Amino acid sequence: MAMLEVRGLSKHFGGLVANDDISFNVEPRQIVGLIGPNGAGKSTLFDLLTGFYVADSGDVHFQGRSLRGLRPDQINRLGIGRTFQKLKPFHGMSVEENVMVGVLQHTANLRAARARALEALYFVGLLEKRRASAYMLSTGQRKRLELARAIATQPRLLLMDEVTGGVDQRSLPGLIELVNRLKQQGMTMIIIEHNMQVLMSLADRIVALHLGRKIAEGTPEAIQSDRNVIESYLGLAYA
């Protein structure tokens, strides 16, 4: 059974079609890449999968259970974690406290929440920054904090929105290595990423969106030679 089943998912904002009849599956331990130009509907799809928006039609099943009508916190407790494209840590809190916020959805025990937060910070390489203000972190470090907040909730499925977006070249290899370590540990992931070289090395399958619609789905090799994807997103130079 697929871990995640997306069936006919649609969302409109007035006359704007953000997502239109999108369907695909995600198998356990699989990494699915989600690509498309700006405005293709990628982040909106993440918002639908995690309960920030309610779909106009269609449904999402996670491990056989419908997510329709569930709040984001309920979906997170079922085992779906997410990072965000726009990094907005709680600036009045330390790095450690930022991670603990998410964990406290799963346990009321502060000692257990702190232990899990420190474990996540160790994984992403921010343990030495645990007492620092999140406001003082660089963009690359905030990306790591965002990942720590997500994995501290111990998700079975992790949605990652632009893993490498906005980071400098020095931070890039470290972030890719973290995603590779999660892959080696068997984490199931859906990744939005504009760096095609990165995505091609990580993804087992890729779903391409354009103007809110799915235009292609397949292996990385098939996607990078797909005519619709080349014309709408990759460009002839890439091909």
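Each residue takes its place number in the sequence, starting with 1. Values below: all heavy atoms of this structure, side chains included; hydrogens, waters and symmetry mates excluded. Predicted, not measured: the structure shown is a model, and the values here were computed from it.
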Inset, instruction - Could you check L49 against L159 for side-chain contact (heavy atoms from CB on, under 4.5 Å), going step by step and ending with a plain yes or no? - result: CA-CA 9 Å; L49 297 180; L159 312 183; 4.1 Å; yes

Inset, instruction - Could you check N25 against R7 for side chain to side chain donor-acceptor pair (under 3.5 Å), going step by step and ending with a plain yes or no? - result: CA-CA 9 Å; N25 287 351; R7 292 287 172 266; 2.8 Å; yes

Any side-chain heavy atom of [X] sitting closer than 4.5 Å to one from [Y]?
X	Y	value
S10	N19	no
I176	L172	yes
R71	R77	yes
H91	P89	yes
F46	R82	yes
V198	L202	yes
L209	I35	no
Q105	N76	yes

Inset, instruction - Would you verify whether the NZ or CZ of K88 falls within 45 degrees of the ring axis of F84 while also being under 6.0 Å from that six-membered ring's centre? - result: no

Inset, instruction - Establish, for the pair R149 and F90, whether the NZ or CZ atom is under 6.0 angstrom from the six-membered ring centre and no further than 45 degrees off its axis. - result: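 Output yes; distance and angle both within limits.
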
Between the main-chain N or O of [Y] and the side-chain N or O of [X], is there a donor-acceptor pair closer than 3.5 Å?
X	Y	value
K214	S23	yes
S225	E221	yes
T83	D161	yes
R156	F62	no

Inset, instruction - Give me the ring orientation class for Y233 and H194: parallel if the planes are under 30° apart, tilted from 30 to 60°, perpendicular past 60°. - result: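 The rings of Y233 and H194 sit tilted, inter-plane angle from 30° to 60°.
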
Same cluster or not: [X] versus [Y], using hydrophobic residues (I, L, V, M, F, W, Y) connected whenever any side-chain heavy atoms lie under 4.5 Å apart?
X	Y	result
M1	M189	no
V60	M160	no
M3	L9	yes
I190	V179	no
F24	L67	yes

Can you tell me if [atom1] on [X] sees more than 12 non-hydrogen neighbours from other groups inside 6.0 Å?
X	atom1	value
E119	CD	no
Q185	CD	yes
K129	NZ	no
F52	CZ	yes
F123	CZ	yes
R29	CZ	no

Inset, instruction - Show your reasoning for whether side-chain contact (heavy atoms from CB on, under 4.5 Å) applies to L78 and R65. - result: CA-CA 10 Å; L78 286 177; R65 173 175 176 173; 3.6 Å; yes

Legend entry - Closest approach of V54 to L48 (non-hydrogen atoms, all atoms of both residues): C-CD2, 3.9 Å

Inset, instruction - Taking only Lys NZ, Arg NE, NH1 and NH2, and the carboxylate oxygens of Asp or Glu, determine whether E231 and R227 approach each other closer than 4.0 Å. - result: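 Yes, E231 and R227 are salt-bridged.
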
Inset, instruction - Run the salt-bridge test on D20 and R213 with the 4.0 Å N-O cut-off and return the result as yes or no. - result: yes

Legend entry - Residue pair I206, V32: steps toward the side-chain contact (heavy atoms from CB on, under 4.5 Å) verdict: CA-CA 5 Å; I206 293 178; V32 174; over 6 Å; no

Inset, instruction - Report the C-alpha distance between L182 and L147 in whole Å, list the side-chain angles of each, state the deciding distance to 0.1 Å, and finish with yes or no for side-chain contact (heavy atoms from CB on, under 4.5 Å). - result: CA-CA 11 Å; L182 289 171; L147 179 57; 4.0 Å; yes

